[in-house]
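The next block holds one structure in the form of structure tokens; read it before the comments.
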Amino acid sequence: MVSLLAATAAHAETQMSEAQLDALLTGNTVYVATPNGTAPVFYGADGRAAANLPEGPELRGTWSLKEGSYCVDWENGPKNSCTKVVKTPSGLAMFDLASGDPRGTVERIIPGNAEEL
């Protein structure tokens with residue numbers, strides 16, 4: 001019984017692969033719920049990224065996939081900001097790759113640049 005519970009817990013959370021991240025992000029606007037509100041983030045097929053943070057400025061930069069995560073070099077913000085996305089029983093959670101700190105959860109995904117970022 002204990003091994004069954006351990007196996008169930010192990011499968012409850014799974015880090016997304018690069019192929020899954022590519023399908024999830026490329027060409028889409030991802031709405032990320034953060035403690036300060038919702039942040040729409042656009043991930044262009046051309047490698048362009050843009051975000052509207054609820055508590056701050058609009059960010060612009062470039063993004064790429066990197067070893068099971070995605071990284072953004074913001075022109076007016078952090079450089080090499082890498083995030084892993086984990087599938088959980090309640091949805092998709094995002095974590096800072098370096099620190100492990102939570103960044104937010106995915107509320108919804110809209111094809112294209114829904115916010116014209």
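Only a predicted model underlies this, so the values are computations on that prediction, with no experimental measurement involved.
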Residues sharing Y70's hydrophobic cluster, by side-chain heavy-atom contacts under 4.5 Å among ILVMFWY, directly or via others?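 Taking Ile, Leu, Val, Met, Phe, Trp and Tyr as members, Y70 shares its hydrophobic cluster with M16, L21, L24, L25, V30, V32, V41, Y43, L53, L59, W63, L65, V72, W74, V85, L92, M94, V106, I109.
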Is E55 atom CD crowded by more than 12 heavy atoms from other residues, nucleotides or ligands, each under 6.0 Å away?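 Buried by this count: over 12 neighbours within 6.0 Å.
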Spatial distance of atom [atom1] ([X]) from atom [atom2] ([Y]) [nearest 0.5 Å]:
X: R108; Y: N28; atom1: CZ; atom2: CG; result: 12.5 Å
X: E75; Y: T62; atom1: CD; atom2: OG1; result: 7.5 Å
X: D96; Y: K84; atom1: CG; atom2: NZ; result: 10.0 Å
X: S17; Y: K87; atom1: OG; atom2: NZ; result: 7.5 Å

Side chain to side chain donor-acceptor pair (under 3.5 Å) with [X]: which residues, sequence neighbours excluded?
X: Q15; result: none
X: E18; result: none
X: T26; result: D22
X: S81; result: R103

Indicate yes or no: at least one non-hydrogen side-chain atom of T83 is less than 4.5 angstrom from one of F95.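 No; the side chains remain at least 4.5 Å from each other.
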Check: R48 and N113 side chains under 4.5 Å, non-hydrogen atoms: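 Touching, per the 4.5 Å side-chain cut-off.
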Between N52 and P40, is there a donor-acceptor pair closer than 3.5 Å when you use the side chain of the first and the backbone of the second?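 Answer holds: no.
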Quick one: which residue pairs count as a disulfide (SG to SG under 2.5 Å) with a foot in residues 38-81, not counting sequence neighbours?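 Every disulfide (SG to SG under 2.5 Å) pair that includes a residue of residues 38-81, provided the two are not neighbours, is C71-C82.
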Could you pull out the closest heavy-atom pair between G112 and T29, with the gap in Å?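 Nearest pair, atom of G112 first, then T29: O-OG1, 2.7 Å.
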P54 to N36 - nearest heavy-atom pair and separation: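 Heavy atoms only, the tightest pair is CB-O, 3.4 Å.
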Check the pair K66 / N80 against side-chain contact (heavy atoms from CB on, under 4.5 Å), numbers first and verdict last. CA-CA 10 Å; K66 185 177 182 180; N80 198 35; 3.7 Å; yes
